[in-house]
Structures are given as C-alpha cells and as structure tokens.
Amino acid sequence: MTYDFNTIEKKWQDYWAKNQTFKASNTSDKPKYYVLDMFPYPSGAGLHVGHPLGYIASDIYARYKRHKGFNVLHPQGYDSFGLPAEQYAIQTGQHPAVTTEANIKTYRRQLDQIGFSFDWSREVRTSNPEYYKWTQWIFIQLFESWYNNDSNKAEHIDTLVEKFASEGNTTVNAACDDDIESFSAEDWNNYSSEQQQEILLKYRLTYLAETEVNWCPALGTVLANDEIVNGVSERGGHPVVRKKMTQWSMRISAYAERLLQGLDDLYWTDALKDIQKNWIGKSVGASVSFNVNGHDDIIDVFTTRPDTIFGVSFMTLAPEHELVSKITTEVQKAEVEAYIEKTAKRSERDRMADVKTISGVFTGAYAEHPFSKEPIPIWIGDYVLASYGTGAVMAVPCGDQRDYDFAKHFDIAIPNIFEGVDISKEAYASKDNVKIANSDFLNGLAYKKASKLAIYQLEQLGQGEGKTNYRLRDAVFSRQRYWGEPFPVYYVNGMPQMIDKAHLPIVLPEVEKYLPTEGGEPPLGRADVWAWDTESNTVVSNDKINHTTIHPLELNTMPGWAGSSWYFFRYMEDAANRDGVFASEDALKYWENVDLYIGGSEHATGHLLYSRFWVKLLKDRGFVNVEEPFKKLINQGMILGTSAFVYRVKFSVNHSLNSAGIANKEEQQKHLEEISNILPSLYISENLVKEKSLIEVDEYFKENYLDKYETKEVLEKIKSYQENHNTAESVNIHVANIDKLHVKVQYVNASDELDIEGLKTDGEFGEDFKDAEFILENGVYKVGREVEKMSKSKYNVVNPDNIVADYGADSLRLYEMFLGPLEQYKPWNTAGITGVHNFLKKLWKLYVGENGLKVNDAEPTKDNLKTLHKTIKKVQEDIENFSFNTSVSTFMIAVNELTAQKCTSKEILKPLLVLISPYAPHIAEELWSQLGNNDTISTAPFPVFDASHLVESSKKYPISFNGKMRFTLELPMDMPKDEIEKTVMAHEKTIAQLDGRTPKKVIVVPGKIVNIVG
RNA sequence: GCUGAAGUGGUGGAAUUGGUAGACACGUUGGACUUAAAAUCCAAUGUCCAUUAGGACGUACGGGUUCAAGUCCCGUCUUCAGUACCA
C-alpha cells in the first residue's frame, strides 16, 4: 500500500464536511479560544501559494488548541465589497455581485482542498445585505454619539442635547470641530431645529464636513491616507490630488489617546505597535498665543519646546493661514500674494519631494513676545503645514534645524539660549544635556523643569497652556463608488437624516453603468429608484421626490474598511440566530474577543486601527464588553515569487543615410526597416549576457553567431539595398539592446533551465516564441531569476491547485511552514517541496508496509520513548512560539530516528500522529483510523511530555582548548567537577594537544563543556 | 532625516538562557539498483592548506568584554519595511 494522498485527502475533507467536525458551539464546558484570519477579498485571479501561508499557520494553531481541549472558534468569510469587482463591472457591464459570487466559489474550492478546519457555518460576506444591515446600524450609532472628554468615552447624543438645553455648550468638554462658537442654554433653546442639527453635526462621531480630500481622478473617488502609497493610489498607481469635498468623516481623533494607551495591553509585536504609535503621533508641549502688533488678532502656535520660548526670533505661518491676508502690510502685499499663488500651484507631492529648497516671505507684521514684549517678525513659509497643529509656528532657530536654515537663508537673528553650546554651524535640537540661558526666569534650568515653568508663566499671563497634539487625522468615510455599503441616510434641506434601524438594510440600488455620472456624481447618482419615503419607509423612485415626505438618499457609499471593522463579532453568533442582532449578548459575552489574529502587516494603519476605534465606540455605548478586538496578533510575511527572465537580443541595422534627395532618404529608411523586419528573434542564455556590456555581447555574436542573423535572406536584402541606393558603404547589423522579458515560471525547472518546447506551445504566448531561436550554454537555456512580489503580470505566480494535485495538501501545508519563520518575507521555490513530500512518504512507510499495517503492541524501547518525548516537548514549544518551520524539521528528525530504530510500537506511533495532525491533518486522520480509531483525530488529547524519558546517564563533553573544540569525550552525567577535570587532563588527546604546556586554567561546566586555557 | 526589523554555506534556513556554528531540507557530486529512465537507497558536500594525521580561516565590517561571542557592549556599512518639512 502506497501513500495515495489524493484519495486520502478527498476522503477526509468529505468526512469533516459531513460530520461538521469543526463546527464551534457557543456553549461548552471547555475553555474558549478564538483564532481568526484576516478574511480575504475574493479576487478574480484566485489564490496563489502566498495566500494560504497565514491560514495554514492559524489552522495549525486552531487544531493544536482543539487537541489541548479548547472550544475553538475558527471561522472564515469574505471581504467582498471592493474596487476590482467594480472596475471589472465598469469594463464588462457584469454586475459586481455576479463576479463576486463566482470568485467566492473559486476561493472556497481552493481553500477546501487545503484542508482547513474552518467552521464554514458561520461564514460572513460584507456585501451581503443581511451583513451590511449591521454595518449601517453601526454607522447610525456613530452618528448618534459624541465624545465626552470628561468621562473619556462616547455617549449618546441625547446626553449632549440635554446639556445644551440646560447649560449651553460652555461647560461641555467634547471632541468636536474647532470652529464652534459658544452659546447659552437660552440660545440653544431658541435655535431652530435646523440650527440645532447643524451644531450637533460638529459634535457627532461621524459628521459631514467640507474637507480637503485625496481625490483620485483616474478612479473617480476619494482615498484615505493609508490607501495612498508614495503619492499615488495604492491600487493602480494613479495620481492623487487635493480637493475640497463634502464628505462623511469619522472622528477617530477623539480616540487618539485611548488607541495609543490600549496598545500596552496587547500581545502584538513592538514593530507593529510602533507603526501605530507613529501614525497616532502624540506630541506633548504647549500652545502659546502671540498678540499681533496693531491688530486684535492672536496667533496660536503649538510647540513641543515651551522651554525655548526666549529663543523665538520670528514666527512662520503656513501660506494658507487665515490671518495672512489680514496682517500683511501694504508694502509686502504683492510679494506675499505672489508667494501664496506659487505655493498653491505646487502639488503636495512637489512640496514633499522638494524639502531642501528654503522659501518664504516676510508679511511686514510683527507679533509681541509674551514675556519680553519684543516685536517678532511674522513670515510665511511652505515648510509650515496648514493641516498640522495650528498652521503656525514660533520659530526657535537655535533649537530647530528648519528654523535655523530659514533664519540663515533670510538673515534673521539666531539668539543662543543654550548654556555652552556652539550653534554657529547648526541648531542644537536635543533636549538632553543642556541648560537654558539668556532666558530670564528660565536660566539654568533643564528641559523638563523649564518647560513646566514656562507653561505655568504663560498660564499666568493667559497666553498659553500645556497641550498635547496628535498627528492622527479624522478618517474620511465617503467613497464615490458603487460596490460598497450604501449609507442609511437621506437629506432634508441639505441636513442628513438617519433611517430608523427597523427599516434596515438599505439595499444597493440597481444602476445601468457603474461609472460616476456625467455631472460628476457618484455611481449611485445613476439609480432611478433611490429616494426615501418617510411615510412608507421604503426606497422609492426618484421622480417622487417632493422634499416634504420623500427625500433624496445619500449617493456615496462606505469605504472598504467599514465592513471589516466589526466582522469578528459577527462570527461569534450562530448563523441561525443572527436575525435580530449583530451578535447576541450571550455570544459576545462567551467569545469576548479574538485570541489570535493572523494577517498581513499592510493593515497596520488601516483596518487594525479602524477596528480598534469601532470596538471602543461599541464598548462605550454598551453594545460589546471588550475594549480591544485582537488580543494577540501575528503578521505573516509575504511569499515572494521567483520570476524567470529570457534575454531577447535586439539587432539594429546601421547605415548612414547619404545626402541624396529627401524622397530618396525616405525610401532608404524604408528599405532599412525592411531589413530590420526580417532579422530573427534571438534569445540568449543568461550567463552569455550576464555582466557583459552591449559591445561585448555584440562582439560575441559577431564571432559565434553571425550566420544566425546575417542570413542569406538578410544578405541578399542588403545587397539589393546597396545596389538600389548606389552605395558601397557597408551596412552594419549590430546588437542594439537586450530586453529582459518575464516568462512563465512553469516552464523553468529547478536548475533554472527553460523548457523551450513548452514555451513554444504555450496557449497564451506560444505564438510569440514560435519562430524564436534560443542560444544555449552547455546545451541548455538558462533563465535569469529574480525575487519579486507574486503577481499575474510577472508570470511568477504559483497556483496551489497544481501543488495539491502533484504533492497533496499535506505537503503544501508542511512546505509553506518549512520555508522559514512565519513573519519573514521569503521566496517560493517549488523544487524544495520534494523534501517534505519525501518526509510524508517516509512517515507513511513507518506505519504501513507492503503487506499492510506494521504497527503492533510491541513494548517501546528506551530510544523510542526518548525520540517521542523529545518531539512532544519541541513541537509543543514551537507551536506556542509560532515557530512552525522548526517543528517540521523536528518531525523529520523523529521519523528518521524511529525508522532507523525500526519502531513499530503503537504506544509510540499513536501519539506521534496527534503531534503531526495540526500540520498534516489528512495523513494523520488516515493513519489514525487505520490504527483502529473510529473517531476523528482532531479532538484527540495532545500527548503529555514526560521528562523522565530524556534523562541521560552520560554526556558527550566537547573538550575545547582556548575556546576551540578539539574533540569530544563521553563522561557520566553525575561525574563531579574535579573528577571530570582529572579524567580530561589524563586523556591522551589532551596531552597531545597541550604538547608539554601546563594549562593556566581549566573551566569545567558540568553537563555542558570543558575549556582548557593556556 | 526619524522609527523599526534584518545581514549565517551554492539555496531556504537552524542554533529559544553566551558553551561542539551550519540542525532539517533543497541543490550538486559520486555510488548501488535498472537494458534505460523514473522512483528508491547509500556516501560526500562552509572555504582554504595537507596523501593521511591534522591545521588555518569562517556568522556584513572594525573594535571591545569573557575561559568561551552568530548571541553581550561600542562604532561603521548594507538591505528591507513604516513615516516624512509634525513645529
């Protein structure tokens, strides 16, 4: 009986499905454990071998936890709203729901064949109306919430309305827009309902505001900051410009501090926490108000260095700052306006790329120093950003390099306020090891004390206070797309109104085309039935809009991160009980949050931050019990593709055109082109071009392959050309270029040799290569190789389907783990899979011989037990440390040892299967059943490690001389130190090594090593 | 620039608390079996010197601590990732 993996794997996959082996229960005596993968977007290309990496890791962990006696929830679903389906729809007219459905089918088939222990009964799809009903519901909760900085949590908007009605807004400490005017309770009660709504909108956790957004014209939509990479769209690489639009925003900034503090309690890597910390960007300092001479206006600045207040020698405002036009003097007006115009023209990208150039203009106005009352010139400069802090800075050139450079450039004074520091060359930006000087009451103090005192004194003057700033911006929540969640919002007189929860979901309307309208409205602007009837509470035809009972609906849709910000809660509820709730109280209470979350690090500042934000809101409002969604998080690395290249030699025909008439010249050109056209396509093997210049390659060709391109036909053409144009000048054919072209990796073997026949008969590219000639080295064509991201366009994608068909799912699972540490980026190399495949065959042979099962009740030997228990210990440690690659080697060692020991003992081989089962579940199940078990192996208890089997009676000591190991010596474990020394010193090899010298010192570490010094 | 991670044979990687560097695989070479191939099995495989015995050198580079350093400390370089005029 051989290892027939295809049959075995199918058999057990069917068994698991039929018996619902991995269905989780919401009631159990066992402790709970929730293992989650970041759910995939079902793209049209299907899975490649890189996708399952994280799923395999989480599956191993989930299966391990089941063996360890946990009630495991391990669900899977689809993030099925998204741009690619929409773009495909734009191109083909195919409804995104249709393509999405088809893609999900492919994904499911591919996932199933890998043998994951998912509980598919709890599947979620973000594009399913029954699901996005609750995404819409959460949006309404955000709309009906405000953030109370005093209680430090979100509260229902009604509590705010009560406060306004009884106290006005002056006692309210809320996270809100900064352009709010104060009003009394009386004012509030006298406001019209519309005025009140307008004010409330400035407090709500999701609000409508005119914001400057990242507009991507090519995609026709707005992008969030984290959807932009290097100034272009993450998807498609299209340019992005700044544009003002009215958009829904999420007041995530209200949670900045809690998002930061919350990180401390999470078992995430420091690397990931740092990314979020940087993104939140907390800086502690002070706000300082400067009076403007001759005006009533005040310039507020934010500074992290209030201790350097006496070093201020000028101020700089962002060119967009609202006071610029007001305070600029007549004399400076023209120059200032010209500068503003110039900077406005420069795109954000230009400004970013060009950090070196210093530019700015003096406004002519002066501010007053809060303490010294000295006049301070006010400049504008584009190094100050309107979007951060207050859009204005107090410049301290001796303590900040940018201020220093600016001052030097414009010849502004640079007062030194640091004791004993030389600032003639550059600013001294460090806060440490320095005392303040020339600063009145701050003299002699260090950073901390000086800052505190400066803030205190500013407070006394009423011109400043301690302040904390965050870089985290509110998140734009509107997208001008079709394939996303519709908002449950309609507009009455331009004011947004929420649709009552009872009438959700608001289902995406049908449209004819998925493009924005000609008038620039989002695709939903094309829907005919997209108005809200407040009487029937249904969506009705647009032509019924009367603005009294029937109103227009919101045309934007929600961004991709809406549905993924809460899906982990949806899985907690049994599919059968999901009707009235997003997840029942009991389910939420039982599962709490995700114990282990595995996914890519690219979501660090997007999904992972937004999810945390929504969970905190749901917690504040009492809908869930947890403050954080993901307790432990692991980022799996990416599996990269190994691209293959062929080198196409491009020839060009060279002949100086003679000075004959123009008509003749054109004809000549034409003839030369004709010659070019019949030049053959030659592909040259890698090492013949590697590290060679074009000239060298040209020479090489002239020497060796002249006949390949100066064919009879070509020579004849040249001859006739020469005759035609009456010239004797030689016509030159030379190598002009070498193109590096991707070829499909499937035609390349492990030794980088190209299967030329395969390539020539390829369905897609065969035509291109049909007549190509390949120049070989040592009889083969070697391709060039390079490690790149796996992508369809690079032809380096390896499909798991083929791997599963050729080697089996267990081989694929083991191999993906064996490749290297989970978190690491690593290239895929199919050749290596034979290693793990051979291991599985060896494992099989350990149990099954030619005449059937070999396993018997033989008493295990000492060696058998030692191998087993050392394996138990190592594998358990490895799984708990997510070091899956090393446990695969451990299995290999165990099987090699047991094979050498000719072990047939059931007492050893049965628990071994449980160890391997999380990694290679199919073969484990099959052998488990062959051993006579009638039940699935998946809940069999994990073997218990017994240290007594590993106790050794002797130790092979490495004997080293001056730290270099020379030989080993087997000595009893219990031999005392001085005895070891005696034995070693008396050993003939030691005497030979010492060669008559007397050692200075002998180090003996019992159980470890002996080192002889001297 | 700042923040973080990493640099080990031909390749992927191992060495979890300082204690035999290169486990386990891939690849390569040689051998067995076979008419042949595949499959399987056996052996060798860090580099250099040496017939052997053995020796020298080796974990990006330069120093240091230690009986002993891939591992700890100081400095430098390179690569990758995040972020970017953040006051």
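In what follows, every chain begins at residue 1, and chains take the letters A, B, ... in the order their sequences are listed. These numbers come from the heavy atoms of this one structure, side chains and all, not from hydrogens, waters or symmetry mates.
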Same-atom distance (P) from G22(B) to A14(B), integer angstrom: 15 Å
Leu640(A) CG - A81(B) P separation (whole Å): 10 Å
Distance, P atom - from C26(B) to A43(B), rounded to whole angstrom: 14 Å
Sugar-phosphate, base or nothing in reach of Asp878(A), heavy atoms under 4.0 Å: base
Per Asp382(A) side chain, nearest of listed nucleotides C85(B), C67(B), A87(B): C85(B)
Under-4.0 Å side-chain N/O to phosphate OP1/OP2 contact, Lys964(A) with C67(B): no
Trp828(A)-Tyr815(A) aromatic ring centre distance below 6.0 Å: yes
Sugar-phosphate, base or nothing in reach of Asp400(A), heavy atoms under 4.0 Å: nothing
Result of checking Asp307(A), Thr303(A), Thr308(A) against Arg305(A) for side-chain hydrogen bond (donor to acceptor under 3.5 Å, both in side chains): Asp307(A)
Scan nucleotides 12-14 of chain B against the protein and return all N/O pairs shorter than 3.5 Å with their distances rounded to 0.1 Å.
unit_1	atom_1	unit_2	atom_2	d
G12(B)	O2'	Leu819(A)	O	2.5
G13(B)	OP1	Gln824(A)	NE2	2.5
G13(B)	O3'	Asn885(A)	ND2	3.4
A14(B)	OP1	Asn885(A)	ND2	2.9

Output field: ring centroids Phe818(A)/Phe884(A) closer than 6.0 Å: no
Closest to side chain of Ile1009(A), choosing from G19(B), C26(B), A87(B): G19(B)
Pairwise P distance for G9(B) and G4(B), with rounding to whole Å: 27 Å
Sugar-phosphate, base or nothing in reach of Lys277(A), heavy atoms under 4.0 Å: nothing
Lys977(A) and Glu981(A) ion-paired at < 4.0 Å: no
Span that lies between the C1' atom of A23(B) and that of U76(B), in whole angstrom: 32 Å
C1' atoms of A6(B) and G13(B), separation to the nearest Å: 14 Å
Nearest to side-chain heavy atoms of Thr304(A), which nucleotide of A87(B), A25(B), C85(B): A87(B)
Chi-based syn or anti call at G13(B), which uses purine or pyrimidine torsion atoms and a 90° bound: anti
Euclidean distance, atom CD of residue Gln636(A) to atom C1' of A81(B) [Å, nearest integer]: 15 Å
Pairwise distance CZ(Phe410(A)) to CG(Asp405(A)) - rounded to 0.5 angstrom: 11.5 Å
Arg402(A) or Ile893(A), whichever maps to the more 5' nucleotide of RNA chain B: Ile893(A)
Sugar-phosphate only, base, or nothing, as touched by Val1005(A) at under 4.0 Å among non-hydrogen atoms: base
Gap between atoms CD1 and P, on Ile280(A) and G82(B) respectively (whole Å): 18 Å
Sugar-phosphate only, base, or nothing, as touched by Asn838(A) at under 4.0 Å among non-hydrogen atoms: sugar-phosphate
Protein-nucleotide distance (Trp279(A), atom CH2; A81(B), atom C1'), rounded to Å: 14 Å
Distance between C1' atoms of A21(B) and U34(B) (Å, rounded): 41 Å
Test salt bridge (Lys or Arg N to Asp or Glu O under 4.0 Å) applied to Glu897(A) and Lys866(A), step by step: CA-CA 10 Å; Glu897(A) 284 183 7; Lys866(A) 192 175 146 189; over 6 Å; no
Asp978(A) vs Lys982(A), salt bridge (Lys or Arg N to Asp or Glu O under 4.0 Å): CA-CA, chis, key distance, verdict: CA-CA 6 Å; Asp978(A) 48 343; Lys982(A) 243 187 255 167; 5.5 Å; no
Gln901(A) and Thr867(A) side chains, donor-acceptor separation under 3.5 Å: yes
Spacing of the P atoms in G82(B) and C73(B) (rounded, Å): 27 Å
Nearest-nucleotide pick for Val384(A), side chain only, options being A84(B), A87(B), A25(B): A87(B)
Gap in Å between the two C1' atoms, one belonging to A50(B) and one to U16(B), rounded: 39 Å
Distance below 4.0 Å between Ser283(A) side-chain N/O and A87(B) OP1 or OP2: yes
Touch class at under 4.0 angstrom, heavy-atom based, for Asn896(A) against every strand present: sugar-phosphate
Centroid-centroid under 6.0 Å between Phe891(A) and Tyr919(A) rings: yes
Integer-rounded Å distance: G19(B) C1' and Lys956(A) NZ: 16 Å
